[in-house]
**Q** 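The following block contains the structure, expressed as structure tokens.
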Amino acid sequence: MTLIRRLAAASCATLFATTALAEQVGNVDVDWLGNDIVIEAFSDPEVEGVTCHVSYFERGLIDRLQKGNWFEDPSNSAISCRQTGPITIGDIDRSDEGESIFSERRSIIWKSLSVKRIFDEANRTLIYVAHAREVQDGSAKMSISTIPLYQPSN
């Protein structure tokens, strides 16, 4: 794990004590400049039996030197969440705004990758949205994953 990622993870853990902590499970080299696609896994802290995998682009050292903008990575990300055990829903936010369950900095100050959980109670579905949060200019880059909550048949 790079020094920048370790510092970002430590600051995120401090700032977002109620959000999930991710574990890197994959790293795909995409070019000779050291750019990678990183895949991390985390469990929903309030919904037992759900694991999410988020992927994002991480710029390498050579790319940072060539293009400047030293402390920032792109906002692009993807998410996939699945049932990985019996689902037990804890005390979750049921508003249409949902609840932030994961956040990771993508630059020193301005940008972070965030995952929110929204509960669609009418359709008995958990919705997970990965999106970029920026201080000034919001981003339209997002990804969504859903988990239907089936009722067991008697």
Side-chain angles (χ1 to χ4, degrees), residues 1-2 4-31 35-60 71-154:
M1 185 182 288
T2 65
I4 292 172
R5 289 194 28 84
R6 274 188 239 144
L7 291 171
S11 64
C12 283
T14 303
L15 291 173
F16 303 101
T18 61
T19 60
L21 296 176
E23 175 187 350
Q24 184 173 323
V25 296
N27 188 327
V28 179
D29 298 332
V30 295
D31 60 23
N35 295 318
D36 296 330
I37 295 172
V38 177
I39 301 110
E40 294 181 336
F42 63 92
S43 297
D44 187 322
E46 294 293 331
V47 180
E48 189 177 319
V50 171
T51 302
C52 294
H53 292 88
V54 65
S55 64
Y56 56 86
F57 187 81
E58 186 173 71
R59 293 172 52 220
F71 297 106
E72 190 169 313
D73 282 320
S75 302
N76 304 355
S77 64
I79 189 169
S80 181
C81 299
R82 295 293 182 265
Q83 179 176 355
T84 53
I87 292 182
T88 305
I89 298 177
D91 184 25
I92 65 172
D93 183 337
R94 294 175 183 254
S95 71
D96 64 350
E97 273 288 314
E99 182 173 7
S100 181
I101 64 164
F102 176 78
S103 185
E104 185 170 85
R105 291 207 177 277
R106 303 307 301 144
S107 74
I108 295 235
I109 300 172
W110 308 111
K111 191 187 320 181
S112 65
L113 167 64
S114 182
V115 175
K116 282 194 128 182
R117 177 201 336 98
I118 298 170
F119 183 40
D120 176 357
E121 205 154 356
N123 294 302
R124 304 253 328 129
T125 303
L126 293 168
I127 303 166
Y128 294 87
V129 180
H131 63 96
R133 291 188 53 102
E134 298 185 33
V135 173
Q136 185 173 351
D137 299 319
S139 174
K141 297 173 184 175
M142 73 197 95
S143 184
I144 189 170
S145 186
T146 62
I147 299 176
L149 302 173
Y150 299 111
Q151 296 285 13
S153 51
N154 294 328

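Remember, it's a predicted structure, so these values are computed and weren't measured experimentally.
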**Q** So, taking the atom named CG in L113 and the one named CE in M142, what distance separates them when rounded to the nearest 0.5 Å?
**A**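 That separation rounds to 13.0 Å.
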
**Q** Rounded to the nearest 0.5 Å, how far apart are CD of E23 and NE2 of H53?
**A**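 Answer for the CD-NE2 pair, E23 versus H53, is 9.0 Å.
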
**Q** Please report the closest heavy-atom contact between I87 and G49, naming both atoms and the distance.
**A**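 I87 and G49 have their closest heavy atoms at CG1-O, 4.1 Å.
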
**Q** T84: which residues meet the side-chain hydrogen bond (donor to acceptor under 3.5 Å, both in side chains) condition with it, sequence neighbours left out?
**A**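 By the side-chain hydrogen bond (donor to acceptor under 3.5 Å, both in side chains) rule, T84 matches T51.
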
**Q** With heavy-atom distances below 4.5 Å as the criterion, would you say the side chains of I127 and F119 are in contact?
**A**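 When only atoms from C-beta onward are counted, F119 and I127 do not touch, as no gap falls below 4.5 Å.
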
**Q** Hey, could you give me each pair passing salt bridge (Lys or Arg N to Asp or Glu O under 4.0 Å) that has a residue in residues 116-130? Not counting sequence neighbours.
**A**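 Checked against salt bridge (Lys or Arg N to Asp or Glu O under 4.0 Å) - neighbours excluded - the pairs reaching residues 116-130 are D44-R117, R94-E121, E97-K116, E99-R117.
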
**Q** Nearest 0.5 Å, what's the CG-CZ distance between D31 and R59?
**A**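 One gets 11.5 Å once the value is rounded to the nearest 0.5 Å.
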
**Q** Could you state the interatomic distance from CD1 (I118) to OG1 (T125), rounded to the nearest 0.5 Å?
**A**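 Spacing of CD1 (I118) from OG1 (T125) equals 12.0 Å.
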
**Q** Hey, what do you get for CG (L126) to SG (C52), rounding to the nearest 0.5 Å?
**A**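 These two atoms lie 9.0 Å from each other.
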
**Q** To the closest 0.5 Å, what do you measure between NE2 (H131) and NZ (K141)?
**A**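 Going from the NE2 atom of H131 to the NZ atom of K141 covers 14.5 Å.
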
**Q** Among all residues two or more places apart in sequence or in another chain, which pass the ring pair (Phe, Tyr, Trp, His ring centres under 6.0 Å) test with F42?
**A**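 Testing F42 for ring pair (Phe, Tyr, Trp, His ring centres under 6.0 Å), a comparison that skips the adjacent residues, returns F102.
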
**Q** Are any side-chain N or O atoms of S143 and backbone N or O atoms of I79, one a donor and one an acceptor, separated by less than 3.5 Å?
**A**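 Indeed, once roles are kept as given, a pair shorter than 3.5 Å links the two residues.
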
**Q** Run the numbers on I147 and V47 for side-chain contact (heavy atoms from CB on, under 4.5 Å), then give the verdict.
**A** CA-CA 11 Å; I147 299 176; V47 180; over 6 Å; no

**Q** Counting N and O atoms only, with roles assigned by atom type, does the side chain of D93 sit under 3.5 Å from a partner on the main chain of S95, one being a donor and the other an acceptor?
**A**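 Flag set: sc D93 to bb S95 pair under 3.5 Å.
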
